[in-house]
There are 2 protein chains.
Amino acid sequence: MAQTRVRVRDADATKARILEAAKEEFARLGLGGARVDEIAERAKANKRMIYHYFGSKEELFKVVLEEAYIDIRTAEQSLDLEHLPPREALSKLVTFTWRYYLENPEFIRLVNSENLHKARHIKDSARLQEVSRRFTGMVNDILKRGEDEGVFRPGIDPVQLNITIAAIGYYYLTNRFTGSFLFEQDFMASEALDARLAFNLDTVMRLVEAR
Amino acid sequence: MAQTRVRVRDADATKARILEAAKEEFARLGLGGARVDEIAERAKANKRMIYHYFGSKEELFKVVLEEAYIDIRTAEQSLDLEHLPPREALSKLVTFTWRYYLENPEFIRLVNSENLHKARHIKDSARLQEVSRRFTGMVNDILKRGEDEGVFRPGIDPVQLNITIAAIGYYYLTNRFTGSFLFEQDFMASEALDARLAFNLDTVMRLVEAR
DNA sequence: CAGGTAACGCACTATTTAGTTACTTTCGAT
DNA sequence: ATCGAAAGTAACTAAATAGTGCGTTACCTG
C-alpha cells in the first residue's frame, strides 16, 4: 500500500493547479470579473496559497498572461517554418494561428483583458519582448526568401503582415457572439470555420504574391 | 433675469447625461469593472435616477450598446456608397471603418465587453439585426456591381469581406497596447496610423480585384 | 393657484470581495 | 526519531458595491 501513497503536500502541483484555474477564470470573466475565491475552489487549493505563491490577484494575472504568450510563441517556433518553401511556410503559419486560437480560446480572452487594462501587466517583461522579436524575424525571413524566389512581391512590412494574419482569425473568433447574432449565422458551425480559414488563406496569399 | 433661468428638472437631459457617462465608464472598464456610483457622479445625476430610468446596471448597458451599434450603422448608411463606382465605394468603406474606430474608441471596447458576455445583452434586439442586414446588403451590392463591371472577381462572400474589413482595423486598435509593447513601436503615432490604413486598403483591394 | 405627478436626493442594507491573522500538519534532512 | 521549515487551513476584516425605502422639491395642468 505504501506505493499508492499520494503526495499530500506538493508546492509545484498546487502552483500548477492554481495557474490552470486562474487561466480559466480570468479568460471567462476578465481580470475584473474573476474571483479569487472561485480560483481557489477550482484549483482545490486554499485561497491563502494564492497569496502565498503569487502575492496578489494582479500578480497572478501577470504570470498567467506571460505563460499564455510564451506558450503560443513556443508552439510557433516548433513549426520549423524556416525549412519550408515561402508560400507553404506562410500558409502553414496562417493555418496554425487560426487553429491555435480555436483550440486555446482562453488566449484571445486574456489578451483582450490585458488590452482593456492598457497592457500594464506585461509592461516590464523583457522576456515577452524577446520572443516577439524572434517571431517577427521569422516572418521577415519567409518574406525575404519569397521575394528572392520571385513568388512574393517586395516591400511587405512583416509587422503589418503579422498583425493582419492575427486579426482576420482573432476578430472572427472573439466577436463570434455578436457576429453570429447580427449576421444570422452560426460562426462556430464546422463549415463556417472551414470557410473562414479558406477565406483567410486566400486573403493573405493575394496580399503577398507577386502578380 | 427670467430668461436666464435654467431648467432644474429635465428628464431627457438627465437621461442623456447618464447614457453618455455610462458609455464612457463601460468602455473604460467593461461591464464588470464599471461602477454605478461612478456613472452617477460623472453624469452629475443621483444614482437613484439610473435605477429609475434604466432599471439596472445591465439594462443600462443594453441601451448603451444598442445606441452604439445604431450610431455606426447610421453613419455607414450616410456614406452613400451606392452612388460611387465599386472600387471607390469599397475603399471609402475601409477608410470610413478605420476612421470611425479611431474616432470612437468606445465602440470597440463596448463590443469587446459584450462578447466577453456572449452577446447576451443584444440577443433580443430585432432592430440591430435589421440594420446589420441592410449593411450586408449594401456591401453585397458593391461586390455585384464590381463583378458586372469586371473590376472585381466573382464569388466573394459579402459577410466574410465585412468581417475582414472590420478585423484588420479593429484588431490593430483594440490590441494596440500589447502590440506597441511587443513590437516595440508606437501604434498610435500618426505615421503608424497612416501606414496601417494604407496597408489595409491594399489588403482589401488585392482581395477583391480581378487579376 | 392648487395639487398631483414626475424628478430628484439622502442615507441605508445586504452581500460580496481582496487580502490577512494566527494557527495546524506534513515532510525531508540530519 | 526529531525538529525546523514549508505547506496548508479556517475564520476573520475592512472596504466596496448594486440596489432601495422613503421623503422632498420643482413643474405642469386644469
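So you know, we letter chains A, B, ... as the sequences are listed, proteins then strands, and number each from 1.
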- Would the number of heavy atoms belonging to other residues, nucleotides or ligands and lying under 6.0 Å from NZ of B:Lys123 be above 12? yes

- Message: Set out, in order, the CA-CA distance, both residues' side-chain angles and the distance that settles side chain to side chain donor-acceptor pair (under 3.5 Å) for B:Asp71 and B:Tyr100, then state yes or no.
- Response: CA-CA 10 Å; B:Asp71 284 351; B:Tyr100 191 90; 5.0 Å; no

- Task: Would you mind reading off the distance between A:Lys15 atom NZ and D:dA6 atom P, rounded to a whole angstrom?
- Result: 12 Å

- Audit row: A:Asn112, A:Arg109, side-chain contact (heavy atoms from CB on, under 4.5 Å) steps and yes/no: CA-CA 5 Å; A:Asn112 274 345; A:Arg109 299 183 143 232; 5.5 Å; no

- Message: Tell me if the centroids of the rings in B:Phe26 and B:Phe61 come within less than 6.0 Å of each other.
- Response: yes

- Task: Please say which of A:Asn200, A:Leu102, A:Leu193 ends up in a side chain to side chain contact (heavy atoms under 4.5 Å, CB included) with A:Tyr172.
- Result: A:Leu193

- Query: Do A:Arg35 and A:Glu25 have side-chain heavy atoms sitting under 4.5 Å apart?
  - Reply: yes

- Query: Near DNA chain C, which residues from residues 25-50 of chain B have a heavy atom under 4.0 Å away?
  - Reply: B:Asn46, B:Arg48, B:Met49

- Query: What's the verdict on salt bridge (Lys or Arg N to Asp or Glu O under 4.0 Å) for A:Glu130 and A:Arg127, showing C-alpha distance, side-chain angles and the deciding distance?
  - Reply: CA-CA 5 Å; A:Glu130 174 56 33; A:Arg127 198 166 153 227; over 6 Å; no

- Are B:Phe187 and B:Phe177 an aromatic pair by the rule of ring centers under 6.0 Å? no

- Within residues 51-60 of chain B: residues closer than 4.0 Å to DNA chain C (heavy atoms): B:His52, B:Tyr53

